[in-house]
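Notes follow once the structure below has been shown.
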Amino acid sequence: MPAVMTELPKAYEPTLVEEKWQTRWISEGCFHADPHSDKPAYSIVIPPPNVTGVLHMGHVLNNTIQDILARRARQEGKEVLWLPGTDHAGIATQARVEKELAKENPPRTRFDVGREDFVNMVWDWKEKHGGIIINQLKKLGCSCDWERERFTMDDVYAPEVARVFTELFNEGLIYRGHRMVNWDPVLLTALSDEEVIMTPSRSKLYTIRYKLADGSGQLLVSTTRPETIMADVAVAVNPKDPRFAHLIGKTVIRPLCEAEIPIIADEHVEIDFGTGALKITPAHDRTDFEVGMKNHLEIIDILTADGHINCPGCPELHGLDRFVARDKSIELIEAKGLLEKVEDYENNVGISQRSDVPIEPRLSMQWFLKYPCVKEAAEAVANGDIVFRPAHWGKTYAHWLEGIQDWCISRQLWWGHRIPVWYRKEKAAELQAATKLDAEDAAAGDIYVGVNPPSDPENWVQDEDALDTWFSSWLWPFSTMDKECLAKFYPTSDLVTGPDIIFFWVARMIMAGYRFAGGKPFGNVFFTSIVRDLLGRKMSKSLGNSPDPLDLIAKYGADGLRFGLMRISPTGTDVKFDEKQIEEGKNFANKLYNAARFRMMQGAASTEPAPKFTAVHIDILSKLKDLHETVADGLGKYEFNTYTQALYSFFWNEYCSLFLEAVKNDLRDGDPAVKNATLFTMDTVLRHYLALLAPIMPHIAEELWASLGFARDGQPLMSTALPQADALLSGLDTTAISKARATATALYDTANKARNLKAEYNLATNRKVKFVLKPAGVPVDADLASRLALLAGAQSAELNKDYEAPKGTPTALTPLGELFLPLEGLVDVEAERTRITKELEKMAKEISRSQAKLGNASFVDRAPAAVVEQERARLAEWETKTAQLQAMLSALA
RNA sequence: GCACGAGUAGCUCAGUGGUAGAGCGGCUGUCUUACACACAGUUGGUCAGGAGUUCGAAUCUCUUCUCGUGUACCA
């Protein structure tokens with residue numbers, strides 16, 4: 001027994017192996033992209049994770065896919081750039097540091113610290129803790145060019161953002177305006193429409209009596225927001241509503257903070273909804289604002305920025321939180337006898353994606369962008385210049401572009417790209433109060449917009465706001481690259497990301513690409529599934545259903561995690577994450593390791609004597625050739641689970657369960673020429689297979705590649721080209737190959753039937769029985785017969801064309817002929833009779849089904865001949881089997 | 001409301017007109033000298049329901065139901 005065998009542990013231990021290769025790949029520069037290379041380019045930019053982020057399952061899925069694509073492209077001889085980096089994530093990062101401040105004793109806010117110092121604190125935090133996710137990606141094995149790691153606020157990137165802002169401003173696409181925006185009363189900033197999630201909520205619909213000022217009656221008005229009544233400036237009814245026509249022009253008494261307000265007519269009011277009368281509160285509702293503008297109504301704002309009531313005219317409510325005030329206002333109204341009724345009601349409430357609280361529609365001064373290149377962006381996807389996978393996301397994308405609204409890009413934050421706009425000091429107050437500012441106003445020289453501050457900064461004040469994080473991310477595919485890189489690698493080849501950021505990021509990058517980089521930013525977009533728990537819920541920290549990928553890596557290895565996840569990752573629908581599946585990934589790695597270990601125990605292959613290949617050798621090599629094709633095809637179509645499944649079933653089923661089991665005896669004794677063929681075949685399969693596997697399980701593939709001695713001149717598998725499938729079986733014609741495959745298939749099928757026979761008679765797997773085969777059909781030689789015995793766990797499979805079986809000998813019809821299992825009289829006659837009877841019933845059923853089908857004239861006439869032929873063959877088989885069973889039954893009697 | 005997905009074995013998923021599949025789980029055996037993270041056998045399905053097209057439907061059409069996602073909104 002060779003020494004290696006005792007040295008190698010029986011189970012694969014991924015941890016050390018994975019670390020070793022990660023270090024080596026990086027130190028040898030395997031991931032580094034050379035923009036001067038002659039090779040064709042392949043590039044991906046990573047969706048930059050938040051700098052505050054920690055790795056979650058979504059990242060694992062996403063980055064595993066990118067790594068597969070990148071590694072495969074390298075094997076195919078491409079120069080690969082996978083560009084990594086992180087996003088400054090304005091709100092999340094600022095909130096993170098503010099949380100630290102709040103924990104201090106005494107607690108502080110960012111306002112206590114001051115803008116400049118606070119921003120420095122965030123930078124410090126970023127330097128200290130910001131790289132976590134990058135290290136986690138390295139642990140997953142991601143083959144990013146780490147020398148090119150970028151950050152959306154680094155020295156090169158930041159000026160690009162300002163440059164883009166300036167350009168768009170000068171073009172008139174960016175303007176500052178006093179408008180209704182989504183206001184987050186906790187984070188104290190405006191948000192874009194995309195950052196607001198409309199959520200069905202259980203609330204109450206209050207119906208309130210508004211008395212007519214002339215005392216002639218009352219008007220019933222329903223609302224879900226009684227706390228804003230003090231800001232009502234009118235009550236509106238539909239002009240076509242006959243019930244209220246006579247009231248238009250009259251006035252009602254506002255029930256809180258009492259005042260006379262008019263009854264107006266506006267078509268916006270639905271006649272059928274509620275009472276048909278709607279309170280108009282322009283300061284606190286988007287559509288009310290529009291109605292107010294149309295009708296020249298006053299705007300009364302009674303909410304503070306942080307969502308408290310600001311209405312000294314109503315001292316009972318003044319200063320209360322908006323939700324406390326809601327209940328309180330109803331109490332007050334009820335006390336006045338003005339409450340008609342309260343109903344349970346379900347409506348949609350806009351929730352801030354970041355702080356998880358209801359947003360407030362709020363009138364404020366913000367910066368907006370009219371999107372550039374909308375038409376180009378829409379056409380690129382519509383005409384297939386950019387390919388979306390799955391394709392149906394194209395519809396969602398197109399729909400969003402059709403109804404696109406101006407993008408609110410200013411945030412009341414300190415962490416981020418500060419808006420590169422300065423106001424002349426003496427005019428600052430006046431300019432800030434203007435209802436609209438744009439390129440035309442800049443012409444007067446009171447506004448300065450530019451990448452660098454004005455040359456006389458003492459005469460200017462800079463805008464206080466920062467830009468939406470996505471206003472920098474949308475430049476990611478090109479602002480991360482220098483000139484050389486752009487020339488070689490832009491546009492990028494693939495983008496892999498979640499569909500949840502199709503508007504936030506993907507759509508905007510496409511527009512930015514056309515506007516600023518001269519063309520599309522990528523050729524393909526692959527939208528991954530969303531990883532959910534087994535109950536179908538999104539993974540989230542609060543639910544505690546989100547496993548830590550690092551724990552999973554520690555438990556199952558990065559390769560196991562990658563493989564397990566890809567194996568259950570369907571295309572186009574969500575993945576339900578099951579840790580059991582990751583365990584399968586680990587088990588598979590163990591299987592690979594042991595198969596390689598088995599090979600290592602056998603010593604080197606030799607060419608003396610010349611290898612003698614049998615059907616099973618040719619069969620597996622031919623299947624290996626097919627695997628090359630399936631892999632290329634699957635990856636070409638971005639069908640990652642096809643790729644993974646093909647790898648899995650080839651190795652476990654075809655190579656281990658069938659081939660290895662059929663050739664084990666070759667390695668022990670017997671014909672040295674056959675032994676050489678077997679060793680050669682094992683080496684060939686392993687060498688090709690490891691290369692095909694490397695994109696998804698890079699560490700173990702690399703490790704086994706090295707320990708099996710496949711590395712030439714110490715070259716890692718990483719920097720080795722994909723072995724050519726054409727070289728396999730090049731000396732054989734297709735007839736010989738298909739003949740060998742048919743023989744091998746017949747052998748394996750026969751082995752199955754032999755094992756079934758044993759199992760039926762309750763003979764243990766390892767019971768060394770003797771089979772007798774009466775050859776027919778596929779030719780059988782002694783070599784094949786001995787492989788059959790080996791596979792069936794038998795002592796022998798005797799070939800005897802004149803065999804006369806004793807009565808009642810169990811038999812099976814196999815592709816190699818009739819197979820007998822002589823039992824030496826150990827059979828239980830009664831049990832055997834029952835078994836055969838059952839079997840006969842099954843046959844009868846099949847036969848009648850088949851006969852009915854063949855008796856159907858339209859089937860025989862109209863179905864393809866091959867199908868009919870197949871059905872006839874089946875029927876013949878059933879009939880033969882029935883005859884045999886009947887013979888056996890009568891033999892028993 | 002509209003749009004788009006999905007519904008196949010106990011679980012996770014393949015399967016785009018020709019006898020319903022895999023892995024896991026369950027149950028039986030087996031520590032057979034690569035692997036018990038394994039091996040062998042076996043048990044599981046009116047393919048969500050209904051109608052239609054077809055010689056033939058998980059697959060194509062229509063419809064209903066359930067779940068998910070996006071989007072628009074009426075207080």
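Keep in mind that the numbers below use all heavy atoms, side chains included, and drop hydrogens, waters and symmetry copies. No experiment lies behind these values; they were computed from the predicted model shown. Letters A, B, ... are given to chains in the order of the sequence lines, protein chains preceding strands, and every chain is numbered from 1.
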Out of [options], which has the shortest distance to the side chain of [X]?
| X | options | value |
| --- | --- | --- |
| A:Asn587 | B:A38, B:U12, B:G68 | B:A38 |
| A:Asn752 | B:U12, B:U69, B:G41 | B:G41 |
| A:Glu270 | B:C13, B:U69, B:C74 | B:C74 |
| A:Asn594 | B:A34, B:U71, B:C4 | B:A34 |
| A:Lys395 | B:C74, B:C4, B:A34 | B:C4 |
| A:Arg668 | B:A34, B:G41, B:C39 | B:A34 |
| A:Ser657 | B:A40, B:U69, B:G5 | B:A40 |
| A:Lys586 | B:G41, B:C37, B:A34 | B:C37 |

Across the strands shown, which category fits [X] at heavy-atom distances under 4.0 angstrom: base, sugar-phosphate, nothing?
| X | value |
| --- | --- |
| A:Lys664 | base |
| A:Phe577 | nothing |
| A:Val269 | base |
| A:Arg599 | nothing |
| A:Glu661 | base |
| A:Thr287 | sugar-phosphate |
| A:Ile530 | nothing |
| A:Tyr556 | nothing |
| A:Asp285 | nothing |

Under 3.5 Å for both donor-acceptor distances, Watson-Crick or wobble: does [N] have a partner, and if so which one?
| N | answer |
| --- | --- |
| B:A14 | none |
| B:C74 | none |
| B:C65 | B:G7 |
| B:C35 | none |
| B:A20 | none |
| B:G45 | none |
| B:U28 | B:A40 |
| B:A57 | none |

Provide, to the nearest angstrom, the distance between the [atom1] atom belonging to [X] and the [atom2] atom belonging to [N].
| X | N | atom1 | atom2 | result |
| --- | --- | --- | --- | --- |
| A:Arg597 | B:A38 | CZ | P | 14 Å |
| A:Leu791 | B:G41 | CG | C1' | 15 Å |
| A:Phe563 | B:C37 | CZ | P | 19 Å |
| A:Tyr643 | B:C13 | OH | C1' | 19 Å |
| A:Met198 | B:U69 | CE | P | 16 Å |

(message) Output one letter per nucleotide in nucleotides 24-29 of chain B: B when a protein non-hydrogen atom lies under 4.0 Å from the base, S when only the sugar-phosphate is that close, - when neither is.
(response) S----B
(request) Go along nucleotides 53-58 of chain B 5' to 3' and tag each nucleotide: B for a protein heavy atom under 4.0 Å from its base, S when only backbone or sugar atoms are that close, - otherwise. (result) --B---
When the [atom1] atoms of [N] and [M] are considered, how many whole Å apart are they?
| N | M | atom1 | value |
| --- | --- | --- | --- |
| B:G49 | B:C35 | P | 47 Å |
| B:C74 | B:A6 | P | 32 Å |
| B:U71 | B:U54 | C1' | 39 Å |
| B:A34 | B:A48 | C1' | 45 Å |
| B:C60 | B:U16 | P | 10 Å |
| B:U28 | B:C67 | P | 39 Å |
| B:U63 | B:U42 | C1' | 41 Å |
| B:G44 | B:G25 | C1' | 10 Å |

(request) Please identify each residue that fulfils ring pair (Phe, Tyr, Trp, His ring centres under 6.0 Å) with A:Phe563, with sequence neighbours left out. (result) A:Phe588
(request) Only counting residues at least two apart or in another chain, list the ones meeting ring pair (Phe, Tyr, Trp, His ring centres under 6.0 Å) with A:Phe388. (result) A:Tyr397, A:Phe527
(request) For A:Arg254, check salt bridge (Lys or Arg N to Asp or Glu O under 4.0 Å) against everything at least two apart and list the hits. (result) none
(message) List the residues meeting salt bridge (Lys or Arg N to Asp or Glu O under 4.0 Å) with A:Asp666, not counting sequence neighbours, and say none if there are none.
(response) A:Arg787
Between N or O atoms, less than 3.5 Å apart, protein on one side and nucleotides 43-45 of chain B on the other: list the pairs.
none

Considering residues at least two apart in sequence or located in another chain, which fulfil the side chain to side chain donor-acceptor pair (under 3.5 Å) criterion with [X]?
| X | value |
| --- | --- |
| A:Thr497 | none |
| A:Lys664 | A:Glu661 |
| A:Thr224 | none |

(request) Please examine the side chains of A:Leu790 and A:Val663, heavy atoms only from C-beta on, and report whether any two atoms are closer than 4.5 Å. (result) no
(request) For A:Glu703 and A:Tyr593, run side-chain hydrogen bond (donor to acceptor under 3.5 Å, both in side chains): C-alpha distance rounded to whole Å, both residues' side-chain angles, the deciding distance at 0.1 Å, then the answer. (result) CA-CA 9 Å; A:Glu703 175 72 7; A:Tyr593 168 80; over 6 Å; no
(request) Using the salt bridge (Lys or Arg N to Asp or Glu O under 4.0 Å) rule, collect all pairs that involve residues 267-278 of chain A, keeping only residues at least two apart or in two chains. (result) none
(request) Taking the six-membered ring for Trp and the single ring otherwise, decide whether the centroids of A:Tyr689 and A:Phe650 are under 6.0 Å apart. (result) yes
(message) Working to the nearest 0.5 angstrom, can you tell me the gap between A:Ile280 CD1 and A:Thr287 OG1?
(response) 7.5 Å
(message) With rounding to the nearest 0.5 angstrom, report the CE to CG distance, A:Met682 to A:Leu708.
(response) 9.0 Å
(message) For a quick check, tell me whether the side chain of A:Lys591 and the base of B:A38 share a donor-acceptor pair closer than 3.5 Å.
(response) no
Table please: side-chain donor-acceptor pairs of residues 640-648 of chain A below 3.5 Å, with sequence neighbours left out.
unit_1   : atom_1 : unit_2   : atom_2 : d
A:Thr642 : OG1    : A:Glu639 : OE1    : 3.3
A:Tyr643 : OH     : A:Leu692 : O      : 2.8
A:Thr644 : OG1    : A:Phe640 : O      : 2.6

(message) Syn or anti for B:G23? Use the chi torsion, O4'-C1'-N9-C4 for purines and O4'-C1'-N1-C2 for pyrimidines, with syn inside 90° of 0.
(response) anti
(message) Donor-acceptor pair, distance only, cut-off 3.5 Å: does the side chain of A:Glu195 make one with the backbone of A:Ser192?
(response) yes
